[in-house]
There are 2 protein chains.
Amino acid sequence: MIRVVIYEDNPQFREGLTMLINGSDGFSVLASYKNCNNVAEEVEKWSPDVILMDINMPGTDGLEGLKKIREVNTEVKVLMLTVFDDNKNVFEALRNGANGYLLKKTPPAKLLEYIQDATLGGAPMTSSIATQVLKMFQVIPQSKNQDYCLSERETEVLQLLVDGFSYKMIASELFIAIDTVRSHIKKIYEKLHVNSKSEAVAKAFKDKLL
Amino acid sequence: MIRVVIYEDNPQFREGLTMLINGSDGFSVLASYKNCNNVAEEVEKWSPDVILMDINMPGTDGLEGLKKIREVNTEVKVLMLTVFDDNKNVFEALRNGANGYLLKKTPPAKLLEYIQDATLGGAPMTSSIATQVLKMFQVIPQSKNQDYCLSERETEVLQLLVDGFSYKMIASELFIAIDTVRSHIKKIYEKLHVNSKSEAVAKAFKDKLL
DNA sequence: GGAAAAATCACATAAATATGTTAAAATGTC
DNA sequence: GACATTTTAACATATTTATGTGATTTTTCC
């Protein structure tokens, strides 16, 4: 038996969901609420398997509700429900530990399937949402793996620069003369096409050299 | 009719897939190959709706194959197939535009459903993979929004430091005296608890201050 | 209107950095 | 062994940066 708690401000939709789920074998609604104002206590009280969470609600909204839930419970599966597939909300929800993201227009049969999918460790998403999620992956880390051919020693020195070491400190850290440090850094600047320490540090971060 | 091309080095598995798909209404296998050595031409030739792509293959493997496909075709849905849910491969595949990621042990009925799901814009994933993807979202941007209370002007100056400007350049950029730049930077160092330009730059990147 | 914070500028000085030139070992490769 | 690359190092010098101690003007906010 999959035990569900619902957060949804619209009374009709809330009732509809409850009837659908209670009317299906293997599913039962433990409770439903019209906002997340007391979500922490409610989740602790019922300890459901799945929570259906509307995003747009008066008072504490779905995203904040999700955060509060995750502060007290990382096990329960939380499926976000929304009318629009708003990019920013999707990202925020997944970042805060949502297990799935569904549009409200999802047909009832699919919804039940998705709920079950979530309990099995899946990440059910409406296809338009799934498309967005895939795009996020493609955008985020366009790791421009430019290779500047830094030698081992040069990489080491650059790492220390990034860590905030002065020439003097690097010299004593690596047991070499400060003039040698200078030499290395000069070479590093050439290879990275920069001419100051802070530019080199910035480039190291931007191009993920370390 | 959903038109499929298969890349899979194991002959048995390749044959099994082909028979399964060809034997199902609404699906047909256009071709199957045992490596990705000529993937670009093959995809252009068949222009399939869906490609099933094994990750581990001799010669050009699935990940490289995926990259080559995306260079010539961004429309075709590519589903990655693998025995293991290896974290790094999942990430690399999604980053390079895979549309889904399935374990080979996926039951035949599910597999057909997933293929269809992909054509409809979904992102079909085995639940263990889905779990990993969700975790990636939670890990990536742990935005430790530490607020160092930099003023507007200070933020501006820090930005220019990060961009590699010297004090002199900042002064002329902002139409202020170099001594004023010094004052701002001194204040910035205090607030960030650092005492050199490169440390400030590094901190700006680490804490995503800009 | 007055207190607090932010932004502006000046002068001084020690320390650190950038740049140039040069060159001897050490290491790796064909 | 010859060659290229890397690592090491010294010396010189101009520029930049870090730090201190003031002080004046704006802006903000109650």
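In what follows, chains carry the letters A, B, and so on, assigned in the order in which the sequence lines appear, proteins first and then strands, with residues in each chain numbered from 1. We use all heavy atoms of the structure for the numbers below, so side chains are in, but hydrogens, waters and symmetry mates are not.
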K.L.:
Quick one: B:Glu199 CD to C:dT17 C1', roughly how many Å, whole number?
P.N.:
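About 15 Å, once rounded to whole Å.
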K.L.:
Does this structure show an ion pair linking B:Glu190 with B:Lys187, if we count only N-O contacts that are shorter than 4.0 Å?
P.N.:
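Answer for the salt bridge query: no.
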K.L.:
Taking the nucleotide of DNA chain C with the closest heavy atom to each, which residue, B:Glu154 or A:Phe165, is nearer the 5' end?
P.N.:
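So the residue in question is B:Glu154.
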K.L.:
Using the test salt bridge (Lys or Arg N to Asp or Glu O under 4.0 Å), find all partners of B:Arg70 that sit at least two apart in sequence or belong to another chain.
P.N.:
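By the salt bridge (Lys or Arg N to Asp or Glu O under 4.0 Å) rule, B:Arg70 matches no residue at all.
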K.L.:
If the cut-off is 4.0 Å, is A:Tyr167 near the phosphate of C:dA15, judged by side-chain N/O to OP1 or OP2?
P.N.:
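Result: no.
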K.L.:
Rounded to whole Å, how long is the line connecting atom CZ of A:Arg153 with atom P of C:dG28?
P.N.:
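Going from CZ in A:Arg153 over to P in C:dG28 covers 14 Å.
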K.L.:
Could you check whether A:Asp54 pairs with A:Lys104 (Lys NZ or Arg NE/NH1/NH2 to Asp/Glu carboxylate O, under 4.0 Å)?
P.N.:
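Salt bridge present between A:Asp54 and A:Lys104.
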K.L.:
Could you tell me the separation between the CG atom of B:Leu174 and the P atom of C:dT8, rounded to a whole number of Å?
P.N.:
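Interatomic distance, CG of B:Leu174 to P of C:dT8: 8 Å.
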K.L.:
Identify the heavy atoms of B:Pro124 and B:Leu79 that sit nearest to each other, and give their distance.
P.N.:
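Heavy-atom minimum between the residues: CG-CD2, 3.7 Å.
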K.L.:
Let's see if you get this right: which residues in residues 176-191 of chain B place a heavy atom under 4.0 Å from DNA chain C?
P.N.:
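Residues of residues 176-191 of chain B under 4.0 Å from DNA chain C: B:Ile176, B:Ala177, B:Asp179, B:Thr180, B:Ser183, B:His184.
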K.L.:
Calculate the interatomic distance between A:Ile170 atom CD1 and C:dA16 atom P; express it in whole Å.
P.N.:
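That distance rounds to 12 Å.
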K.L.:
To the nearest Å, give me how far apart NZ (A:Lys197) and P (C:dA16) are.
P.N.:
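My rounded result for the distance is 10 Å.
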K.L.:
Let me know the distance between CG of B:Leu161 and P of D:dT17, rounded to the nearest Å.
P.N.:
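So the two atoms are 8 Å apart, to the nearest Å.
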K.L.:
So, A:Lys191 and A:Glu154, do they make that salt bridge, N to O below 4.0 Å?
P.N.:
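Yes, charged N to carboxylate O under 4.0 Å.
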K.L.:
Strictly below 4.0 Å, N to O, side chains only: are B:Lys67 and B:Glu64 in salt-bridge contact?
P.N.:
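No, this pair does not count.
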K.L.:
Does A:Ser151 have a side-chain nitrogen or oxygen under 4.0 Å from the phosphate oxygens OP1 or OP2 of D:dT7?
P.N.:
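Answer is yes, contact under 4.0 Å.
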K.L.:
Quick test of your reading of the model: are A:Glu42 and A:Lys45 salt-bridged, counting only N-O distances below 4.0 Å?
P.N.:
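Looking at A:Lys45 together with A:Glu42, the answer is no, because their closest N to O distance does not fall below 4.0 Å.
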K.L.:
In this structure, how many angstroms lie between the C1' atom of C:dT8 and the CD atom of B:Glu152, rounded?
P.N.:
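My rounded result for the distance is 16 Å.
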K.L.:
Whole Å only: how far is the CG atom of B:Asn195 from the P atom of C:dT17?
P.N.:
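Rounding to the nearest Å, CG of B:Asn195 and P of C:dT17 are 11 Å apart.
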